[in-house]
Participant: 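What follows is a structure written as structure tokens; I'll ask about it next.
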Amino acid sequence: IKVSVIRTTGQVAYERLMQDLKNGAPQCDVFSTTDIAHMPALMKRNALAHYVPDNAAFISPAFAGLGEDGYYYPSTSTLMLMIVNTQKVKPEEAPKAWTDLLDPRWKGRLAFGHPGFSGYVGVWTVAMRKLYGWDYFEKLAKNNPRIGRSGNDPITLLNAGECVVGLGPLAASLLWRDKGNPISVVYPSDGSVLCIGPSAVMASAPHPNAGRLFANWLMSIEFAKICAEARIDSVRAEVPPKAGAKPLSEVKLLRLTAAELGKQVPEVIEQWRDTFI
């Protein structure tokens with residue numbers, strides 16, 4: 001089958017899909033997102049096809065409960081953790097926990113994405129609020145962080161030396177490090193946020209059979225190997241990450257359910273806009 005991919009941030013992709021559904025002009029066969037909360041909302045609209053991929057039976061236990069059997073399943077994942085510019089910050093000076101980012105020495109030197117645009121940043125924001133309350137972000141705002149849109153924007157700022165520490169996705173951060181950029185990752189002692197990329201076949205899919213084949217392939221060993229090569233954590237335990245990354249079994253994970261995110265992501269987006277003016 002031939003696959004045409006439209007790539008954008010999670011929230012923008014969802015808005016485009018919703019517009020297509022509203023106009024009765026389906027363009028999408030398989031929808032993949034970085035915000036799992038999109039999937040329950042689509043289910044309520046009866047927008048997802050019922051389909052059980054054969055490969056769903058082989059998903060790693062790390063992703064148990066992070067999907068809806070028969071409708072959507074994890075197909076990719078990464079961790080949201082801390083990233084550091086190794087030319088600007090010595091290893092012994094790097095933050096070790098999320099609370100270390102509140103230290104005044106990072107004022108004006110922090111970089112983040114925006115939960116209103118990035119699904120992964122939305123997941124991280126909910127996780128931090130759950131762990132430390134919104135007071136954490138009120139204190140963080142005092143350090144005048146640079147706020148971009150995509151979860152990958154902090155990597156660009158760190159590579160340029162405009163910021164020295166920040167929030168970043170493991171996969172993209174390691175890819176930039178592999179290219180020789182001065183980026184290192186820190187697995188926070190208080191937990192790395194597990195962010196999954198769920199996928200589903202649309203009920204209105206213009207090519208329903210091809211969509212089902214593709215959705216099944218997204219949970220295959222073949223695709224898992226492609227993910228590992230691209231530094232993405234695959235959903236198949238048989239395929240370990242490349243050297244330089246930890247297996248998920250060795251990481252303290254902060255996991256959030258679709259129900260938590262469906263309710264709380266819109267809340268934290270509004271709080272974020274009020275706090276980081």
Participant: Please check: side-chain N/O of Ser173 versus main-chain N/O of Pro169, any donor-acceptor pairing under 3.5 Å?
Facilitator: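 Indeed, once roles are kept as given, a pair shorter than 3.5 Å links the two residues.
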Participant: Are any of the side-chain heavy atoms of Asn152 and Ile155 separated by less than 4.5 Å?
Facilitator: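 Side chain of Asn152 against side chain of Ile155, heavy atoms only: contact under 4.5 Å found.
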Participant: Any sub-3.5 Å donor-acceptor pair from Asp103's side-chain atoms to Asp100's backbone N or O?
Facilitator: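 No: the side chain of Asp103 does not pair with the backbone of Asp100.
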Participant: Please find the pair of heavy atoms, one from Lys96 and one from Met82, that lie closest to each other, and give the distance.
Facilitator: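 Lys96 and Met82 have their closest heavy atoms at C-CE, 3.6 Å.
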Participant: Quick one: NZ on Lys142 to NZ on Lys107, what's the gap to the nearest 0.5 Å?
Facilitator: 10.0 Å
Participant: Between Glu260 and Lys130, does at least one N-O distance fall below 4.0 Å, as a salt bridge requires?
Facilitator: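 Salt bridge present between Glu260 and Lys130.
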Participant: Does any part of the side chain of Leu254, heavy atoms only, come nearer than 4.5 Å to the side chain of Met128, both counted from C-beta?
Facilitator: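 Sidechains of Leu254 and Met128: in contact.
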Participant: So that I can tick it off, tell me whether Arg149 and Asp153 are bridged by a salt bridge, with the cut-off set at under 4.0 angstrom between side-chain N and carboxylate O.
Facilitator: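 Not counted as a salt bridge, because no side-chain N and carboxylate O are separated by less than 4.0 Å.
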Participant: Would you find more than 12 non-hydrogen atoms of other residues, nucleotides or ligands less than 6.0 Å from Lys139 atom NZ?
Facilitator: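 No, the 6.0 Å shell around NZ holds no more than 12 heavy atoms from other groups.
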Participant: For the atom pair CG (Leu175) and CD1 (Ile183), what is the distance rounded to the nearest 0.5 Å?
Facilitator: 12.0 Å
Participant: Spell out, yes or no, whether Met43 and Val265 are grouped together once hydrophobic residues are joined by side-chain heavy atoms under 4.5 Å, including indirect joins.
Facilitator: yes
Participant: Working to the nearest 0.5 Å, report the span between CG of Asp29 and OG of Ser204.
Facilitator: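 These two atoms lie 8.5 Å from each other.
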Participant: What are the two closest heavy atoms between Gly113 and Pro154, and how far apart are they?
Facilitator: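 Heavy atoms only, the tightest pair is N-CG, 3.7 Å.
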Participant: Give the cluster check for Ile232 versus Ile36: same hydrophobic cluster or not, with ILVMFWY residues linked at side-chain heavy-atom distances below 4.5 Å.
Facilitator: no
Participant: Could you check whether any side-chain N or O of Arg212 sits under 3.5 Å from a backbone N or O of Pro208, counting only pairs where one atom can act as donor and the other as acceptor?
Facilitator: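 Judged by distance alone, yes, a pair lies under 3.5 Å.
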Participant: Output, in order, the C-alpha distance, side-chain angles, deciding distance and verdict of side chain to side chain contact (heavy atoms under 4.5 Å, CB included) for Leu81 and Val193.
Facilitator: CA-CA 7 Å; Leu81 35 62; Val193 180; over 6 Å; no
Participant: Please determine if Glu267 and Lys263 form a salt bridge, counting it only when a charged side-chain N lies under 4.0 Å from a carboxylate O.
Facilitator: yes
Participant: Does any non-hydrogen side-chain atom of Thr76 lie less than 4.5 Å from one of Ile196?
Facilitator: no
Participant: To the nearest 0.5 angstrom, please state how far the NE2 atom of His207 sits from the OG atom of Ser4.
Facilitator: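 Going from the NE2 atom of His207 to the OG atom of Ser4 covers 9.0 Å.
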Participant: Rounded at 0.5 Å granularity, tell me how far CZ in Arg109 sits from CG in Asn85.
Facilitator: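 Output value for this atom pair is 9.5 Å.
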Participant: For Trp134 and Thr275, test the side chains for any donor-to-acceptor distance below 3.5 angstrom and give the result as yes or no.
Facilitator: yes
Participant: Which atom names give the shortest non-hydrogen contact between Ala258 and Pro40, and what distance separates them?
Facilitator: CB-CG, 3.8 Å
Participant: Ignoring hydrogens and angles, write down the donor-acceptor pairs under 3.5 Å from the side chains of residues 54-65, residues two or more places apart or on other chains.
Facilitator:
residue : atom : partner : partner atom : Å
Asn55   : ND2  : Asn216  : O            : 2.9
Asn55   : ND2  : Asn216  : OD1          : 3.4
Ser60   : OG   : Ala62   : N            : 3.3

Participant: Just so I know, are the side chains of Val165 and Pro95 near enough to count as touching, which here means a heavy-atom distance under 4.5 Å?
Facilitator: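 Side-chain contact under 4.5 Å: yes.
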Participant: Could you pull out all residues at least two apart from Glu238 that satisfy side chain to side chain donor-acceptor pair (under 3.5 Å)?
Facilitator: Arg236
Participant: With distance as the sole criterion, is a donor-acceptor pair present between the side chains of Asp35 and Tyr120 under 3.5 Å?
Facilitator: no
Participant: Could you report the tightest heavy-atom contact between Ser75 and Pro198, atom names first, then the distance?
Facilitator: OG-C, 4.0 Å
Participant: Test Met202 against Leu48 for side chain to side chain contact (heavy atoms under 4.5 Å, CB included), laying out the working first.
Facilitator: CA-CA 5 Å; Met202 302 303 298; Leu48 302 184; 3.9 Å; yes
Participant: Would a hydrophobic clustering, with Ile, Leu, Val, Met, Phe, Trp and Tyr connected at side-chain separations under 4.5 Å, put Tyr14 with Phe117?
Facilitator: no
Participant: Taking the side chain as C-beta and beyond, is there a heavy-atom pair between Asp233 and Leu79 under 4.5 Å?
Facilitator: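 In contact.
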Participant: Each residue besides Ile226 in its hydrophobic cluster should be listed here, by chain and number; the cluster joins Ile, Leu, Val, Met, Phe, Trp and Tyr at side-chain heavy-atom distances under 4.5 Å.
Facilitator: Ile1, Val3, Val5, Val30, Tyr51, Val201, Leu213, Phe214, Trp217, Leu218, Phe223
Participant: Would you say Val164 and Leu102 are hydrophobically clustered, going by side-chain heavy atoms of ILVMFWY under 4.5 Å?
Facilitator: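 Looking at the clustering, Leu102 is in the same group as Val164.
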Participant: Assign the ring pair Tyr132 / Tyr136 to parallel, tilted or perpendicular, where the plane angle (0 to 90°) is split at 30° and 60°.
Facilitator: parallel
Participant: Applying the 4.5 Å side-chain criterion to the ILVMFWY set and letting contacts propagate, would Val235 and Val52 be lumped into a single cluster?
Facilitator: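 Yes; Val52 is reachable from Val235 via cluster members.
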Participant: Would you name the heavy atoms of Ser234 and Cys227 that are closest together and state the gap between them?
Facilitator: CB-CB, 4.1 Å
Participant: Is any side-chain heavy atom of Ile83 closer than 4.5 Å to a side-chain heavy atom of Leu167?
Facilitator: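 No, every pair of side-chain atoms sits at 4.5 Å or beyond.
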Participant: Counting heavy atoms not belonging to Lys88, are there more than 12 under 6.0 Å from its NZ?
Facilitator: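 12 or below, so no.
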Participant: Could you check whether any side-chain N or O of Thr78 sits under 3.5 Å from a backbone N or O of Ala171, counting only pairs where one atom can act as donor and the other as acceptor?
Facilitator: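 Present.
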Participant: Could you tell me the separation between the CG atom of Asn144 and the CG atom of Leu110, rounded to the nearest 0.5 Å?
Facilitator: 9.5 Å
Participant: Check this for me: Trp176, atom CH2, are more than 12 non-hydrogen atoms of other residues, nucleotides or ligands nearer than 6.0 Å?
Facilitator: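 Check fails, neighbour count at 12 or below.
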Participant: Regarding Gln27 and Arg16, is there a side-chain donor-to-acceptor distance under 3.5 Å anywhere?
Facilitator: no
Participant: What do the steps show when you test Val121 against Phe112 for side chain to side chain contact (heavy atoms under 4.5 Å, CB included), and what is the final call?
Facilitator: CA-CA 8 Å; Val121 176; Phe112 292 87; 5.9 Å; no
Participant: Quick one: does Asn181's side chain have a donor or acceptor within less than 3.5 Å of a partner on Arg177's backbone?
Facilitator: no
Participant: Side chains of Met80 and Leu194, heavy atoms from C-beta outward: is any pair under 4.5 Å?
Facilitator: no
Participant: Heavy atoms only: give me the nearest Phe276-Pro145 pair and the separation to one decimal.
Facilitator: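 Where Phe276 meets Pro145 most closely, the heavy atoms are CE2-CG, 3.7 Å.
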Participant: Just say parallel, tilted or perpendicular for the rings of Trp124 and Phe137, cut-offs at 30° and 60°.
Facilitator: perpendicular
Participant: Does NZ or CZ of Lys252 fall inside the cone over Tyr187's six-membered ring, less than 6.0 Å from its centre and within 45° of the axis?
Facilitator: no
Participant: Are Val123 and Leu256 side-chain neighbours, meaning at least one heavy-atom pair lies under 4.5 Å?
Facilitator: yes
Participant: Would you say Glu138 has more than 12 foreign heavy atoms packed within less than 6.0 Å of its CD?
Facilitator: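 Result for CD/Glu138: enclosed.
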Participant: Passes side chain to side chain contact (heavy atoms under 4.5 Å, CB included), Ile147 versus Trp272? Steps please.
Facilitator: CA-CA 11 Å; Ile147 309 294; Trp272 185 282; 3.7 Å; yes
